[in-house]
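The structure appears right after this line, and notes come after that.
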Amino acid sequence: GVMQQAIEAYRSITVTPEFIEAERLRSIARHDEAQALFQARQEGAQESDEKWQGLVADKDAEIARLREQLSALRPRPDDGK
C-alpha cells in the first residue's frame with residue numbers, strides 16, 4: 001500500500017551517499033555544538049569561581065586590616081608602667 005511505498009522510498013533515500021554524508025555532517029555539527037556549550041558552561045563556572053575567590057580574598061584582607069587597627073587601639077598590659 002501507500003505506507004509500504006513510503007517506507008521503501010525512505011529506505012532508498014537513506015542509503016544514498018549524499019544522505020549518508022549529510023547525516024554524518026549533522027552528527028558532527030551536533031557534537032561540536034554540544035562541546036561548545038559544555039566548554040562555555042565550564043568557562044562560565046570558572047569565571048564565577050574566580051570572581052567569588054577574589055571577593056573572599058578582598059574581604060579577608062579587609063578583615064585583617066581591621067584586626068590590625070583594633071589591636072593598635074587596645075591598651076597593652078605594659079602601657080600603665
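Positions are given from 1, in the same order as the sequence printed here.
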Applying side chain to side chain contact (heavy atoms under 4.5 Å, CB included) to Ile13 and not counting sequence neighbours gives Phe19
Check this for me: Glu33, atom CD, are more than 12 non-hydrogen atoms of other residues, nucleotides or ligands nearer than 6.0 Å? no
Minimal non-hydrogen separation, Val15 against Ile20, with atom names: O-CD1, 3.5 Å
Within residues 4-18 or reaching into it, pairs that qualify as side-chain hydrogen bond (donor to acceptor under 3.5 Å, both in side chains) - sequence neighbours excluded: Gln4-Glu8
When rounded to the nearest 0.5 angstrom, what is the spacing between CZ in Arg67 and CD1 in Ile63? 6.5 Å
Rounded to the nearest 0.5 Å, what separation is found between the CG atom of Asp60 and the CD atom of Gln53? 11.5 Å
Apply side chain to side chain contact (heavy atoms under 4.5 Å, CB included) to Leu73 and list each qualifying residue two or more places apart in sequence or on a separate chain. none
Among all residues two or more places apart in sequence or in another chain, which pass the side chain to side chain contact (heavy atoms under 4.5 Å, CB included) test with Gln42? Phe38
Distance-only side-chain donor-acceptor flag, Gln39 / Gln35, under 3.5 Å: no
Apart from Ile7 itself, what residues make up its hydrophobic cluster when side-chain heavy atoms of I, L, V, M, F, W and Y under 4.5 Å apart count as a link, directly or indirectly? Met3
The complete set of side-chain hydrogen bond (donor to acceptor under 3.5 Å, both in side chains) pairs with one or both residues in residues 19-32, sequence neighbours excluded, reads Glu21-Arg24, Glu23-Arg26
